[in-house]
Amino acid sequence: MAAPEQTAVRAETPAPLAPPKSASRLDLRLAGLLGVLVLLCVVGYVTRPESFLTEANISTMLRLAAAIGVVSVGMTFVIISGGIDLSVGSIVALASVWATTLATQAYGPVVMVLCALLVGLACGLVNGVLISYGKIVPFIATLAMYASARGLAERISGRRTQVVSETGFTDFFRGDFLGVPILIWMLALVFAVGWVLLNRTTFGRRTFAVGGNAEAARLAGINVKRHTALVYGIAGLCCGIAAIMVIARTTSGASTNGLFYELDAIAAVVIGGTLLSGGRGTLIGTLIGVLIFTVLNSIFTQNNLDTDIQNIAKGVIIVAAVLLQRTTSRRNADKT
């Protein structure tokens, strides 16, 4: 009787599983985004063949993409967890102002960096605590931070631009390593750490779980409140890093820093395939989204198009991406 049982077990053994459909759809989406990026580069080269693909312009584009790219990493975590953060630009402004006051600069570049990081982290944690423990809707909590952080930045700076006189800070962050600007290395490092945290750790899996179904995550033993607060803390920390990058690029701190960063970050995250409803997203898609908008801005700038046209184009792209997400979700629901 042993032989027939062994045969039955072998007959019931399933064949190797094919890749999940969601993974294949994600690969197709990323391939499509890369296609859009390549197409924009072609358009830029055709319209400005003498300057668009030069080493100087590529370096400039990457430097400009660095700060918003870092902010977008934090925004990706927030949106995957089912939230939204409208205060990122104001937090960047506040951190840049606080780190460039004469009192802070007097302690040297290390204290300037720590100040920017701590201010960003503190603002993010305040957002997270208000949302998770205070049960305030993310839109309202971060909108309040958007107004108060910008106002505090104006108060501290007296609405004046604070010039960085600490040469050690500017010499390091405006320098390069192996021929690559430090700002680009910082962007690459933040994306690498963010990718590992999101895709290779328990924290990342919990972030997806909370965004997919917060109640189910709570019943599974996840401390949803604490996790939500930490996610917004990560977003705030990314804003602190971005503030350092903005200070290095402009050699100043001002209450006007970070304007429209929330629009740019949300646009890059949504274009990258992260669902606004939460539970699904990818940092690779976010990176491609950042590069798409950076190249688009460069095309507009080199062709002397007004910034209002750029903002209109970004708004249209965001709406189109959300509509595409909804259409895709409905089709997937109908198939299942």
Side-chain angles (χ1 to χ4, degrees), residues 67-68 70-75 77-79 83-107 111-166 169 228-269 307-308 311 314-315:
I68 189 61
V70 170
V71 172
S72 298
V73 171
M75 187 67 77
F77 276 85
V78 169
I79 295 180
I84 196 72
D85 193 343
L86 303 179
S87 65
V88 290
S90 297
I91 294 175
V92 169
L94 178 59
S96 71
V97 165
W98 211 318
T100 54
T101 61
L102 293 177
T104 306
Q105 292 191 55
Y107 290 98
V111 174
M112 291 175 64
V113 170
L114 290 176
C115 181
L117 296 179
L118 289 175
V119 169
L121 177 62
C123 290
L125 288 175
V126 168
N127 280 337
V129 169
L130 290 175
I131 292 167
S132 56
Y133 294 96
K135 297 182 179 180
I136 300 177
V137 177
F139 181 89
I140 300 300
T142 58
L143 184 61
M145 180 61 72
Y146 167 88
S148 57
R150 185 77 65 181
L152 184 56
E154 292 177 351
R155 181 77 175 180
I156 293 173
S157 64
R159 297 186 177 182
R160 297 186 181 92
T161 299
Q162 300 175 163
V163 179
V164 177
S165 58
E166 175 53 59
F169 181 92
T228 300
L230 291 176
V231 166
Y232 279 91
I234 289 175
L237 182 61
C238 287
C239 290
I241 298 172
I244 295 170
M245 302 166 86
V246 171
I247 295 170
R249 195 180 73 242
T250 62
T251 64
S252 64
S255 59
T256 56
N257 286 338
L259 285 175
F260 299 115
Y261 270 27
E262 53 280 341
L263 172 64
D264 292 340
I266 293 173
V269 173
T307 55
D308 53 355
N311 292 330
K314 290 177 183 178

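Residues: numbered from 1 along the sequence shown. Computed from a predicted model, the values in this text were never measured in an experiment.
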Q) Does a donor on one side chain sit under 3.5 Å from an acceptor on the other, for Thr100 and Gln162? A) yes

Q.
Determine whether Val97 and Val119 satisfy the following criterion, side-chain contact (heavy atoms from CB on, under 4.5 Å), listing intermediate values before the conclusion.
A. CA-CA 10 Å; Val97 165; Val119 169; over 6 Å; no

Q.
Ignoring hydrogens, what is the shortest heavy-atom contact between Val246 and Ala67? Give both atom names and the distance.
A. CG2-CB, 3.9 Å

Q: Quick one: pull up CD1 in Ile156 and OG in Ser96 and give me the separation to the nearest 0.5 Å.
A: 10.0 Å

Q | Spatial distance of atom CD1 (Ile140) from atom CE (Met145) [nearest 0.5 Å] | A | 14.0 Å

Q: Heavy atoms only: give me the nearest Ala141-Asn127 pair and the separation to one decimal.
A: O-OD1, 3.7 Å

Q.
Between Leu125 and Leu121, is there a side-chain heavy-atom distance shorter than 4.5 Å?
A. yes

**Q.** Heavy-atom check, side chain of Phe169 versus side chain of Ile244, under 4.5 Å
**A.** yes

Q: Establish, from distance only, whether the side-chain atoms of Gln105 and Ser165 form a donor-acceptor pair under 3.5 Å.
A: yes

Q | Ser87 to Tyr146 - nearest heavy-atom pair and separation | A | CB-N, 3.6 Å

Q: Working to the nearest 0.5 Å, report the span between SG of Cys239 and CD1 of Ile234.
A: 12.0 Å

Q: Locate the shortest heavy-atom distance separating Tyr261 from Ile68; write the atom from each residue and the value.
A: O-CD1, 3.4 Å

Q | Side chain proximity check, Ile241 to Val73, heavy atoms < 4.5 angstrom | A | no

Q: Only one of Val88, Val71, Val70 passes side-chain contact (heavy atoms from CB on, under 4.5 Å) with Cys238; say which it is.
A: Val70

Q. Considering all heavy atoms of both residues, which atom of Arg150 and which atom of Asn257 are nearest to each other, and what is their separation?
A. NH1-O, 2.7 Å

Q.
Going by side-chain contact (heavy atoms from CB on, under 4.5 Å), Met112 matches just one of Thr104, Thr101, Leu117. Which one?
A. Thr104

Q) How many angstroms lie between CG in Leu94 and CD in Glu154, if you round to the nearest 0.5 Å? A) 11.0 Å

Q: Tell me, yes or no, whether the heavy-atom count around Tyr107 atom OH, taken from other residues, nucleotides or ligands under 6.0 Å, exceeds 12.
A: no

Q: Give, for atom CG of Asp85 and atom CE of Met75, the distance between the pair rounded to the nearest 0.5 Å.
A: 5.0 Å

Q. Quick one: OG on Ser90 to CG on Leu152, what's the gap to the nearest 0.5 Å?
A. 10.5 Å

Q) How close do Ile84 and Thr142 get, heavy atom to heavy atom, and via which atoms? A) O-CG2, 3.5 Å

